[in-house]
Amino acid sequence: ARQPSPMTNPALHALIREANGKRWLILANDSRRQEEATMDLDDANASTARSLVKGNSDLTFANGKTRVQVPALGVGISMN
């Protein structure tokens, strides 16, 4: 799977996995405070990734970019 461009915030990490026709986006925050950043994923133009973690909002991509917020020492998992 094509991986996201490096995040604009070094505390946030992103990884994409594909299996059985589904794509999973995994976000992790290694900071002790909530962090946010812009994520760039070339092939995600005009799409939405549904959050699989309770309390996290879905991610909406426009022109391959989205703004993410991940809680302190938190993880976010989305699927599209």
Side-chain angles (χ1 to χ4, degrees):
R2 173 176 250 165
Q3 297 303 310
S5 296
M7 298 287 252
T8 58
N9 182 329
L12 296 177
H13 311 278
L15 175 70
I16 294 180
R17 291 287 186 223
E18 291 184 22
N20 300 322
K22 298 194 185 288
R23 186 173 4 182
W24 307 85
L25 170 64
I26 301 142
L27 300 169
N29 176 4
D30 63 16
S31 171
R32 295 191 181 275
R33 65 186 181 113
Q34 176 175 301
E35 298 285 349
E36 61 181 64
T38 299
M39 187 173 73
D40 189 356
L41 185 59
D42 293 339
D43 61 350
N45 290 326
S47 65
T48 300
R50 182 172 54 95
S51 176
L52 301 178
V53 177
K54 186 175 182 177
N56 288 2
S57 58
D58 293 347
L59 297 177
T60 302
F61 288 85
N63 296 321
K65 297 183 187 307
T66 191
R67 192 84 180 145
V68 297
Q69 291 183 338
V70 183
L73 301 174
V75 179
I77 303 171
S78 296
M79 177 185 74
N80 75 347

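Along the sequence shown, residues are numbered consecutively beginning with 1.
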Smallest heavy-atom separation, L41 atom then R23 atom, equals CD2-NH1, 4.1 Å
Which pair of non-hydrogen atoms, one from T8 and one from T38, has the smallest distance, and what is that distance? OG1-N, 3.1 Å
Here the gap from D30 atom CG to L12 atom CG, rounded to the nearest 0.5 Å, amounts to 8.0 Å
Atom CG in L59, atom NZ in K65: separation rounded to 0.5 Å? 14.5 Å
Any side-chain donor near an acceptor of the partner, N29 and E35, under 3.5 Å: no
Quick one: do L73 and V70 end up in the same hydrophobic cluster if we chain Ile, Leu, Val, Met, Phe, Trp and Tyr together by side-chain heavy atoms under 4.5 Å apart? no
D58 and R50 ion-paired at < 4.0 Å: no
Minimal non-hydrogen separation, A37 against N9, with atom names: CB-CB, 3.6 Å
Separation of L25 CG from M39 CE (nearest 0.5 Å): 4.5 Å
